[in-house]
Protein chains: 2
Amino acid sequence: MKQITKYVLRHDTKRLFTYRQCLIGFKRKGFDRIFSYNLGEEAGVTAEQVRKDFSVFKIKGNKKAGYKIDDLLTAIEEVFKYQLNQHVIIVGMGNIGKALVQYKRFMLRKMIIVASFDIDPTKQSKRWGIPILPLEMLDDIIKRFHVKVAIIAVPEMSAQDIVNKLIDLGIKGFLNFAPVILKTPENIVVHNINLCDELESVIYYTQKVVE
Amino acid sequence: MKQITKYVLRHDTKRLFTYRQCLIGFKRKGFDRIFSYNLGEEAGVTAEQVRKDFSVFKIKGNKKAGYKIDDLLTAIEEVFKYQLNQHVIIVGMGNIGKALVQYKRFMLRKMIIVASFDIDPTKQSKRWGIPILPLEMLDDIIKRFHVKVAIIAVPEMSAQDIVNKLIDLGIKGFLNFAPVILKTPENIVVHNINLCDELESVIYYTQKVVE
DNA sequence: TTTTAATTGTGAAATTAATCACAACTATGA
DNA sequence: TCATAGTTGTGATTAATTTCACAATTAAAA
């Protein structure tokens, strides 16, 4: 396995998540085998792309009979197995933070939000089963649950400070909703979601697409 | 200008949004000129990338003296100008929908959320200044405000039905938070944000990056 | 006015990603 | 058992994206 020092989210890896989700859907509908074009259609990519992606991860099917869904799911789980039941924290209980802390799908996908944090003591409580704690407890929680990944949902202004602090406390990966590009050392994974940018690009392309 | 029939979000276009955001930050800090490497560092890309992106959009600087921030901002606004003050609706007032309806930055970026919709009458109200309406009013609002873009924040199960309905009513672009790949005709722009996939890929890479 | 040092702008090269095309395989039916 | 039709798996090709490298430019200093 090649070592990664710089974080680059590869398209084929990301698509595996989509495939898994589609496969679970197919299974629920009663299918037990599928062809690459079924999965491609459902996942919004070409059949060749599906096969190519599987080939990258050495996932094999049966010529003529396609893929057994259970085998595919097992193979995909194998790729991601060591990351199941990872503990994650959320920092910032504004609108976005509150939405994420209540988002049930993380649990379905075996990602465990162990705690959330906010600087505002009036927000600190135990609603939704997941405690909202003061920042002073970051150290304790991160150590106790061996947390390596944090979701940043604090305002733009405080994001960099919080991230610096979290890196000191051992956090290695960030899903960042604050609209800033975070300055981090090598080896720290940062993935940004900028909601304004996302909406704006939809508007941009909507106006460019031919009628 | 080449016609686009298939929606592909180009990287260079998306980076323009980031550049704009960084430039506003630089301006706020009192700068009035910058070099490509300043902007690159702030935006998390190389200086060459910055210059190449500008070159794609015919944005020129001054050799030796870099770029005037105001000129850059004007040039970027020019690229996106016809999409300012676009009206957008949000469908689905679950956790995500509620967070988005309260998200102030959309307005700062001149994107106007004119209304939100939910099937559940108990959620229908006028909190946060933006009305929450029943689905029956979609037609009226879309026509009245010439809405072309919708944010989908409904549960997985109802997403495709809602989208079909919205396309019938004239919606051309979707920012989709439901964890399904939507089936849409050509010429309809769909951009998916799957929060589980995003978090999961951070976890995946966090475990792969060398210590 | 001339020189210098620093930066832009952009072809060319390299890398990454997607699509094409078809040989190899195999379940099925004759 | 054999032929057939329908899929997979993957090299080859094409396309998109990034990086490299350096000529052209120019502000500022001499």
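Letters A, B, ... mirror the listed sequences (proteins, then strands); counts begin at 1.
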- According to a strict under-4.0 Å criterion, is B/His11 in side-chain N/O contact with OP1 or OP2 of D/dT18? yes
Residue pair B/Phe35/A/Arg51 against DNA chain C: nearer the 5' end by closest nucleotide is B/Phe35
From NZ of B/Lys60 across to C1' of C/dT7 the rounded distance in Å is 14 Å
Which of B/Asp118, B/Leu135, B/Ile151, B/Leu133 passes side-chain contact (heavy atoms from CB on, under 4.5 Å) with B/Val91? It is B/Leu135
- Query: Any salt bridge between B/Asp139 and B/Lys143, counting N to O under 4.0 Å?
  - Reply: yes
task = Determine the contact category for B/Lys52: base if any of its heavy atoms lies under 4.0 Å from a base atom, sugar-phosphate if only primed atoms, P, OP1 or OP2 are that close, otherwise nothing.
result = base
**Asked** Salt-bridged, B/Asp71 to B/Lys60, with N to O below 4.0 Å?
**Response** no
Kindly check if the number of other-residue, nucleotide or ligand heavy atoms within 6.0 Å of CZ (A/Phe31) is above 12?
-> no
Under-4.0 Å side-chain N/O to phosphate OP1/OP2 contact, A/Arg10 with C/dT16:
no
With a 4.0 Å limit, can you tell me whether B/Lys58 has a side-chain N or O closer than that to the phosphate oxygens OP1/OP2 of C/dT10? no
Mind checking B/Asp12 for me? I need base, sugar-phosphate or nothing, with any heavy atom below 4.0 Å counting as a touch.
nothing
Here the distance between atom C1' of C/dT7 and atom CZ of B/Arg33, to the nearest Å, is 12 Å
Whole-Å distance, B/Asp53 CG to D/dT18 C1', equals 10 Å
Just to confirm, is there a sub-4.0 Å distance from OP1 or OP2 of D/dT17 to any side-chain nitrogen or oxygen of B/Gln49? no
note: A/Asn38, atom CG; D/dT8, atom C1'; distance rounded to Å ~ 13 Å
Q.
Check this one for me: any side-chain N or O of A/Ser55 less than 4.0 Å away from OP1 or OP2 of D/dG9?
A. no
A/Leu16 atom CG is separated from C/dA17 atom P, nearest whole Å, by 13 Å
When A/Glu48 and A/Ala65 are each assigned the nearest nucleotide of DNA chain D, the 5'-most assignment goes to A/Ala65
*Are A/Thr46 and C/dT19 close enough that a side-chain N or O sits under 4.0 Å from OP1 or OP2?*
yes
Q) Quick check: are there more than 12 heavy atoms from other residues, nucleotides or ligands sitting under 6.0 Å from NZ of B/Lys110? A) no
| said: Take a 6.0 Å sphere around CD1 of A/Ile119 and say whether it holds more than 12 heavy atoms from other residues, nucleotides or ligands. | reply: no
Determine whether any donor atom in the side chain of B/Lys64 lies under 3.5 Å from an acceptor atom in the base of C/dA5, or the reverse, and answer yes or no. yes
| query | Would one find a side-chain N or O of A/Asn62 under 4.0 angstrom from OP1 or OP2 of D/dT8? | reply | no
| task | Have a look at A/Arg15 and say if it touches a base, only the backbone sugar-phosphate, or nothing, with a 4.0 Å heavy-atom cut-off. | result | sugar-phosphate
To the nearest angstrom, the NZ-P distance between A/Lys68 and D/dT7 comes to 19 Å
base_contact_polar (C/dT26 base, A/Lys63 side chain, donor-acceptor, <3.5 Å): no
Next item on the list: Looking at every strand, decide which applies to B/Tyr37 at a 4.0 Å heavy-atom threshold: base, sugar-phosphate, or nothing.
Entry: sugar-phosphate
Rounded to whole Å, the CZ-P distance (A/Phe57 to D/dG9) equals 15 Å
